[in-house]
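The structure appears right after this line, and notes come after that.
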Amino acid sequence: TLLLAEEMQGQGALYSCDVAEHRVGLIRSAVERMGFAHVTALCNDATRPNPKLPAADRILVDAPCSGEGMFRKIPEARDEWSENNVKICAVRQAEILREAWKTLRPGGLLIYSTCIF
């Protein structure tokens, strides 16, 4: 969020969304500390429509992954992994992408990223 806000040089509006309220709080604190008045942080389930989000020229989706990258750092993550959880994650990613696409203005740019699968 901070990098995007900096790159925008105060032009336009940036909406930064996360499903977890504590992460939204971290975003709000960082945005306030940096003085970015054009950024709005929202607690938002990206798998569902949100009328607070206007149509966008550009959308960056950083979708939640299936978690294999945490195996090395958090051994318990291996115990929680299952093929079914990977399938659930894939469905969630598809739902997020579908909602992002609906929010994108015609001719807009959608960037989709996830860290593992």
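Both backbone and side-chain heavy atoms feed into the values below; hydrogens, waters and symmetry mates do not. Just so you know, these numbers come straight off a predicted model, no measurement behind them.
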(message) Pair S16, T40 - check side chain to side chain contact (heavy atoms under 4.5 Å, CB included), show working.
(response) CA-CA 6 Å; S16 181; T40 302; over 6 Å; no
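- Residue Q9 places its CD atom among 12 or fewer non-hydrogen atoms of other residues, nucleotides or ligands, all under 6.0 Å distant.
- The only option from V91, N84, V86 that meets the side-chain contact (heavy atoms from CB on, under 4.5 Å) definition with I88 turns out to be N84.
- There is a path of hydrophobic side-chain contacts, each under 4.5 Å, that joins Y112 to I59.
- Here the straight-line distance linking atom CZ of F71 with atom CD of E76 works out to 12.0 Å at 0.5 Å rounding.
- One hydrophobic cluster holds both M8 and I111 under the rule that ILVMFWY side chains link at heavy-atom gaps under 4.5 Å.
- Considering every non-hydrogen atom in both C17 and L53, the closest pair reads SG-CD2, 3.8 Å.
- Interatomic distance, S82 OG to D79 CG, rounded to the nearest 0.5 Å: 11.5 Å.
- Note that the NE2 atom of H38 and the CG atom of L14 stand 6.0 Å from one another [nearest 0.5 Å].
- The main-chain N or O of R92 is never found under 3.5 Å from a side-chain atom of T47 such that the two would form a donor-acceptor pair.
- The cluster map of Ile, Leu, Val, Met, Phe, Trp and Tyr, joined by side-chain heavy atoms under 4.5 Å apart, puts L42 and V31 in different clusters.
- Contact between L110 and A100 at its shortest, heavy atoms only, is CD1-CB, 3.7 Å.
- Annotation: the span from R72 atom CZ to R78 atom CZ amounts to 10.5 Å, rounded to 0.5 Å.
- Here the side chain of R23 pairs no donor or acceptor atom with the backbone of D18 at under 3.5 angstrom.
- Between the side chain of Q93 and the backbone N or O of P64, at least one donor-acceptor pair lies under 3.5 Å.
- In the hydrophobic clustering of ILVMFWY residues, with side-chain heavy atoms under 4.5 Å counting as a link, I96 and W101 come out together.
- To the nearest 0.5 Å, atoms SG (C43) and NZ (K52) are separated by 9.5 Å.
- Clustering ILVMFWY residues whenever any of their side-chain heavy atoms sit less than 4.5 angstrom apart, transitively, puts L60 in a cluster other than the one holding V24.
- Between the CZ atom of R48 and the CD atom of E95 there is a distance of 8.0 Å, given to the nearest 0.5 Å.
- Remark: side-chain polar atoms of R58 are not paired, donor with acceptor, to backbone N or O of L109 under 3.5 angstrom.
- We find that E99 and K102 are joined by a salt bridge, their nearest charged nitrogen and carboxylate oxygen being less than 4.0 Å apart.
- Not one N or O on the side chain of N44 forms a donor-acceptor pair closer than 3.5 Å with the backbone of N50.
- Here the rule is side-chain contact (heavy atoms from CB on, under 4.5 Å) with F36, and of T1, L2, L4 only L2 fits it.
- Looking only at side-chain heavy atoms (C-beta outward), S113 and V61 stay at 4.5 Å or farther from each other.
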